[in-house]
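For ligands, and for the atoms within them, numbers begin at 1 and follow the listed sequence.
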Amino acid sequence: MIRIQNAIAKLDTPHTTLLLKLEDRPKILYYGGRLRDAEDYTYFGLGTDGVLLSSADDVHCEASVLSSSGDGNNRESMLHIIGGDGSGTLRPVLIEAKIKKGKPDYESALPSSYGAKESLLLRYLDSMGLEILQYFSVFGDSDVIATSVRIRNTGKETLQIRRCMSLQLDLGEGNWEAVTLDGASQRERCPNRTILRGGSLSAASFAGLSSNVHNPFVIANNRHARGGSVACNLVWSGNHREIFDLSPVSGLRLLSGLNDYLFNYKLKPDETFEAPEAIFVRGEKEEDVCMEMRSFVAEHIVRGEWKKRARPVLINSWEGFLFSFDKEKLLEFCRRAAMVGIELFVMDDGWFGNRNDDTCSLGDWVANRKKLGGSLREFADEVRKSGLMFGIWMEPEMISKDSDLFRTHPEYALSVPGKETLEIRHQRVLDLTNPAVQKFMIGAISSVIEESGASYVKWDCNRGIFDLPGAEELFYRYTLGLYKVLSAITKKYPQVLIESCASGGNRYDLGMLCFTPQIWASDNTDARSRLAIQEGTLFGYPQSTMGAHVGSSPNPHTFNSSSPDTRFSVASAGAFGYEFDITALNDTMLENIRNQVTFYKQWRDVLQFGRYYRTDSVFEGDASGWIVVSEDGSRAVATVALLGKRCGGVPFRMRFKGLDPNALYAVASRPQKRANPIAFQAYGDALCQGNIRLGNVFTEEEMHAYSNEVVTRMFTFTRIDR
Ligand code: DGJ
């Protein structure tokens, strides 16, 4: 999978090859479809000298995987380091290249991918007094390659690392389009397409979380006839930056790594600095790289007992009750939920301290006995008696000024002497760089889990970091502290399913997914909004990681109304649940929910772990659609959504993807109120190549009932084995 011959490293994945010429400063000779082994590849590098001579400013304009301050490039570069003498000239020279089984074996404080088959290790030295170790790992079953760098101070003076990106890929000439997942709270990760005309485009976060503003997952699409797409992502939950730097001289450079905003890491003699791991993949088309990324995340990022385990159908108390509940209300809620087949109850915010609104008690993780009618254990046992597993909400990284914790340990909160501490949602951020705070957090979370016997924890985080003592290393060290706590908790309680959350989806990234197998995608549960949020999220993350719930109608955030079927069809694209007051439903409504849950459980393996294909994009027309297909192609579920009414009789047609062309499938619509049932048999080739008109799928009756709303249908496909 990796070989070095004639000073060229050849990294093969099942469908791609990366060729690196191992010179002082390694060159990318080729990154594209898989190549057979050959004796000579030097012809890929011919002609670069000519380009080099004609350039006045750029000394190194050949494609490379490493660049640095003062190395002769008039563009964005990967490493910016200031030496003990104040100089910024860094010209690392490759001194060793070797192949190693698995990953480089050093102790690491950072989460990263696992299951690598082999790694290429490149060791560089610079006279500033530093050693750089760069690795590229391949996995055998994936086209994704993982990479990162470590910097060791081999000199006698302290170095200042001002920028240390994890990935540099020079992708050369082309007609480039950048795809970034951008948004805000309630509209997270919507794909944004920017045609690159020159200069730099950056997707970055600045408040200590990977953010809902710009996700670290990005794609570079070459719209030139020669084509090709490259996607990358970062295993990191703090400030990140991805840069698309388009140079008129040498084309596109893609960088991904830590955001250098305020960053200035002091590396003392003999110390080592570790950058987060980045992963990247190349494919012919955008949908290929997205597919590879999703499978890689499911196979090599998500880990532990829940890696392949069916995520339980849950019901969460938040949208239904907010802070106002008591034991009776919640237990009735659980009884109803159990009746319709829901498996897990999540008690959200408001169960601890004096928390009846968001002004107090974060940090005081002790049950409010008045609300729960006894201890946490007693209450959780009652929930279990009703037939549900018990799950609980925490916001471990935060502290309220009005809390016993703050009264006892004001120094636990991040603050800058002489400056008023910023209160956001009446809360402050715990100083996770402080080992005493880490210890407190591990203790507090452990006792909540142990006392309640929780099977699930929702780990929330509702504000960013803006109080910046020791700013230059704070963001980096905060994230390390977070990982330390997450790592201790997941080691101690491997059976507990943790769903991470941050004001909805403000920290949806690979770093969190190394510890928490699922992430709450957005507080916005409106079906129309979710079509966009989920389509964007599924560019880079698998369905099993994406928390998606049926909320109430009209939706509390958008006030849109939609049918229970529409809300179900949309939410069943992810790790599924409900989030409304189920005690307010009548028997017919409950029966409908029971049918939904039964259907979801029947198809859960495919819905959560099947291969996902987008068939229509919510960003491109008046329809949205997707199909998920089991690994062996024997079962599939497709969902289509019409975003508005079609006047003028344009019939709705469907073309599916991913089915086995030679297999005969029984196709059936999921029974829905007001919908004409459909059932027929067809071969996969016809289903995937024809534009099939499935009768009058969207009935007039439904159009009347849900004026201006999204209308959906789901179809199941079962291979008929003969
Ligand atoms: C923000 C989360 O996104 C919500 O789901 C809910 O848990 C609230 N926090 C509770 O405060």
Sub-3.5 Å N/O-N/O distance, R355 and ligand 1: no

Polar contact flag for W393 and ligand 1 (N/O pairs, less than 3.5 Å): yes

Identity and separation of the nearest protein heavy atom to [atom]:
atom: atom 9 (N) of ligand 1; value: D460 OD2, 2.7 Å
atom: atom 3 (O) of ligand 1; value: D523 OD1, 2.6 Å
atom: atom 7 (O) of ligand 1; value: D348 OD1, 2.7 Å

Give the numbers and elements of all ligand 1 atoms closer than 4.0 Å to a heavy atom of [X].
X: C501; answer: 2 (C), 3 (O)
X: N462; answer: 1 (C), 9 (N)
X: G504; answer: 3 (O)
X: D349; answer: 10 (C), 11 (O)

Side-chain (T566) to main-chain (V710) donor-acceptor, under 3.5 angstrom: yes

Candidate list W520, Y578, F576, test ring pair (Phe, Tyr, Trp, His ring centres under 6.0 Å), partner H549, passing option: W520

Taking side chain as C-beta onward, heavy atoms only, is [X] less than 4.5 Å from [Y]?
X: F379; Y: L331; answer: yes
X: T545; Y: P517; answer: no
X: Y483; Y: S237; answer: yes

Structural part of Q427 in contact with ligand 1, heavy atom criterion under 4.0 angstrom: neither

A502, portion touching ligand 1 at heavy-atom distance under 4.0 Å: neither

Residue pair N233, F296: steps toward the side-chain contact (heavy atoms from CB on, under 4.5 Å) verdict: CA-CA 11 Å; N233 204 342; F296 183 84; over 6 Å; no

Close approach, K458 and ligand 1, non-hydrogen under 4.0 angstrom: yes

Q608 and R604 side chains, donor-acceptor separation under 3.5 Å: no

Parallel, tilted or perpendicular: ring planes of F333 versus F345, cut at 30 and 60 degrees: perpendicular

